[in-house]
Peer 1: 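Quick one: this structure, given as structure tokens, is what I'll be asking you about.
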There are 2 protein chains.
Amino acid sequence: MDFNKVLELLKQKGYKITKQRRIILEALYNSIKPISIEEWLQVTKVQNPNINLSTIYRNISVLEDVGLLNKIRPKDGNIIYSLNLQEEHSHFLICKKCGKAESIECCLSEEFKKIIDDKEFDLIEHNLELYGYCKDCCDKKNHK
Amino acid sequence: MDFNKVLELLKQKGYKITKQRRIILEALYNSIKPISIEEWLQVTKVQNPNINLSTIYRNISVLEDVGLLNKIRPKDGNIIYSLNLQEEHSHFLICKKCGKAESIECCLSEEFKKIIDDKEFDLIEHNLELYGYCKDCCDKKNHK
DNA sequence: ATGCGTGCAAAACCTTTGCACGTCA
DNA sequence: TGACGTGCAAAGGTTTTGCACGCAT
């Protein structure tokens, strides 16, 4: 996704594009990996040393609201952030009774990468299928 | 896993079974769902109102050391905890080049449940396959 | 012009730690 | 008995918030 598209999405939600906001967004946009708040602050300070931590926190809320923020929580250590720029790919909820497959939009790539972090394995794709009972079959059969 | 087995595992690592520790562990053991620190404290206080928050935090470290603790981090909200009592089931890292399948021991059930939380779907099983390049093929082909 | 966004400082919140005392093995 | 565990209180770290000012629209 183009950076201007990112700004566009913010504007569509009624957010103004201030100098600080632009710098903060660019910092994350240009980062090749998810970063912590502190790293994020350091990078923004390169462009404008006066930018405040609280401003970054407030822009985190904005990005969450727009749905562009990926938050990753390593088991140990602080939260790291990245922009969610990719097209979403689907997984399915498959009913064991009626076979209905419902698409869900979630991408677990980051979680997977974390899990195999120590495996020296270059993760490219994943396939995930979730099996259970859909609402209709739950109601009928009292599976819950 | 039996509760006594849990205590046994702690003893094996050289931890003592104090009254407080037992209550704290039982609280989590008996919980039907992952709970936050605050909920955990409330439940332990039913058995012994003097038990301190810091004691729970210290026992979290113990459980982590023993490998019995599941930490779940909802995107929004505090960490919730559960005991990791189930036998682990495997997923595979499958190499797209040499086809080698390496078993990894991780269970994403909780994450999946979180994801479909709002879907009214009774999740029973899941299947996960991770595809990429194993270390050997990475080295040979310079995929990284 | 007006209202949203920002910097600053303080507050709120969560987690860790030092210390003295208690208790398990 | 000795070492580990606990309660309490204080410290440490992170995130949020109130306020006055500034800037984008």
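Just so we're on the same page: letters track the sequence lines, and every chain starts at 1. All values derive from a computational prediction rather than experimental measurement. Atoms considered below: every heavy atom in the structure, side chains included; atoms not considered: hydrogens, waters and symmetry mates.
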Peer 1: Does some side-chain heavy atom of B/Ile60 sit less than 4.5 Å from a side-chain heavy atom of B/Leu69?
Peer 2: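 Counting from C-beta outward, B/Leu69 and B/Ile60 do come under 4.5 Å.
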
Peer 1: Atom NZ of A/Lys45 to atom C1' of C/dG7: distance rounded to whole Å?
Peer 2: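 Answer to the nearest Å: 10 Å.
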
Peer 1: Pairs under 3.5 angstrom, nitrogen or oxygen only, protein versus nucleotides 11-15 of chain C, please.
Peer 2:
| from | atom 1 | to | atom 2 | distance (Å) |
| --- | --- | --- | --- | --- |
| C/dT15 | OP2 | B/Tyr57 | OH | 2.2 |
| C/dT15 | O5' | B/Tyr57 | OH | 3.1 |

Peer 1: Rounded to whole angstrom units, what separation is found between the CD atom of B/Glu64 and the C1' atom of C/dT16?
Peer 2: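 The distance from CD of B/Glu64 to C1' of C/dT16 comes to 13 Å, rounded to the nearest Å.
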
Peer 1: Apply side chain to side chain contact (heavy atoms under 4.5 Å, CB included) to A/Gln47 and list each qualifying residue two or more places apart in sequence or on a separate chain.
Peer 2: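 In terms of side chain to side chain contact (heavy atoms under 4.5 Å, CB included), with neighbours along the sequence ignored, A/Gln47 is linked to A/Ile23.
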
Peer 1: Taking ring pair (Phe, Tyr, Trp, His ring centres under 6.0 Å) as the definition, give me every residue that meets it alongside B/Tyr57, ordered by chain and number, with sequence neighbours left out.
Peer 2: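 Counting only residues at least two positions away or on another chain, B/Tyr57 forms no ring pair (Phe, Tyr, Trp, His ring centres under 6.0 Å).
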
Peer 1: Do any of residues 21-29 of chain B sit with a heavy atom less than 4.0 Å from DNA chain C, and if so which?
Peer 2: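 Within this stretch, nothing sits under 4.0 Å of the strand.
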
Peer 1: Partners of B/Asn4 by side chain to side chain contact (heavy atoms under 4.5 Å, CB included), sequence neighbours excluded?
Peer 2: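 Side chain to side chain contact (heavy atoms under 4.5 Å, CB included) list for B/Asn4, sorted by chain: B/Asp2, B/Leu7.
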
Peer 1: Not counting sequence neighbours, which residues clear salt bridge (charged side-chain N to carboxylate O under 4.0 Å, His left out) with A/Lys13? List them please.
Peer 2: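 Expected list: A/Asp65.
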
Peer 1: Apply side chain to side chain contact (heavy atoms under 4.5 Å, CB included) to B/Glu38 and list each qualifying residue two or more places apart in sequence or on a separate chain.
Peer 2: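 Expected list: B/Ser36, B/Leu41, B/Gln42, B/Leu53.
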
Peer 1: Without decimals, in angstroms, what is the distance between A/Ile60 CD1 and C/dG5 P?
Peer 2: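 Taking CD1 of A/Ile60 and P of C/dG5, I get 16 Å after rounding.
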
Peer 1: Which residues satisfy the side-chain hydrogen bond (donor to acceptor under 3.5 Å, both in side chains) test with B/Tyr81, sequence neighbours excluded?
Peer 2: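 side-chain hydrogen bond (donor to acceptor under 3.5 Å, both in side chains) list for B/Tyr81, sorted by chain: empty.
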
Peer 1: Minimum heavy-atom separation for B/Ile51 to B/Lys45, with atom names?
Peer 2: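 Distance-wise, the nearest heavy atoms are O-NZ, 3.3 Å.
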
Peer 1: Using the side-chain contact (heavy atoms from CB on, under 4.5 Å) rule, pick out the option among B/Val66, B/Leu63, B/Asn70 that qualifies with B/Asn84.
Peer 2: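 Filter result, single survivor: B/Asn70.
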
Peer 1: Expressed as a whole number of angstroms, how long is the span from B/Ile51:CD1 to D/dC8:C1'?
Peer 2: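 Taking CD1 of B/Ile51 and C1' of D/dC8, I get 15 Å after rounding.
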
Peer 1: Kindly write out the residues that satisfy ring pair (Phe, Tyr, Trp, His ring centres under 6.0 Å) with A/Tyr29, not counting sequence neighbours, or none if the list is empty.
Peer 2: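 Expected list: A/Phe3.
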
Peer 1: Which heavy-atom pair separates A/Glu39 from A/Ile35 by the least distance, and what is that distance?
Peer 2: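 Here A/Glu39 and A/Ile35 meet closest at OE1-CA, 3.2 Å.
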
Peer 1: CG of B/Asn52 versus P of C/dT17: gap in Å, rounded?
Peer 2: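 For the pair B/Asn52 CG and C/dT17 P, the rounded distance is 15 Å.
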
Peer 1: Using only side-chain N and O atoms of B/Asn59, determine if any of them is under 4.0 Å from OP1 or OP2 of D/dT6.
Peer 2: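 True: B/Asn59 side-chain N/O within range (under 4.0 Å) of D/dT6 OP1/OP2.
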
Peer 1: Can you measure A/Leu7 atom CG to D/dT25 atom C1' for me and round it to whole angstrom units?
Peer 2: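 Roughly 15 Å, once rounded to whole Å.
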
Peer 1: Using the side chain to side chain contact (heavy atoms under 4.5 Å, CB included) criterion, which residues pair with B/Lys19? Sequence neighbours excluded.
Peer 2: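 Not a single residue meets the side chain to side chain contact (heavy atoms under 4.5 Å, CB included) criterion with B/Lys19.
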
Peer 1: Roughly what angle, to 10°, lies between the helix axis at the start of the helix from C/dA1-D/dT25 to C/dA25-D/dT1 and the one at its end, five pairs per end?
Peer 2: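 Its terminal axes enclose an angle near 40°.
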
Peer 1: Tell me, for nucleotides 18-25 of chain C in 5' to 3' order, what letter each nucleotide earns: B for a base near a protein heavy atom under 4.0 Å, S for only sugar-phosphate near one, - for neither?
Peer 2: B-----BS

Peer 1: Take the protein atom CG of B/Asn50 and the nucleotide atom P of D/dC8, then report the distance between them rounded to whole Å.
Peer 2: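 For the pair B/Asn50 CG and D/dC8 P, the rounded distance is 6 Å.
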
Peer 1: On a heavy-atom basis, which atom in B/Ala27 and which in B/Val43 lie closest, and how many Å separate them?
Peer 2: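 Heavy-atom minimum between the residues: CB-CG1, 3.8 Å.
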
Peer 1: Quick one: does any side-chain atom of A/Arg21 pair with a main-chain N or O of A/Lys16 as donor and acceptor, under 3.5 Å?
Peer 2: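 Side chain of A/Arg21 to backbone of A/Lys16, a donor-acceptor pair under 3.5 Å: yes, one is there.
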
Peer 1: Return the value, rounded to whole Å, for the distance between atom CG of A/Asp65 and atom C1' of C/dC4.
Peer 2: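 Roughly 14 Å, once rounded to whole Å.
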
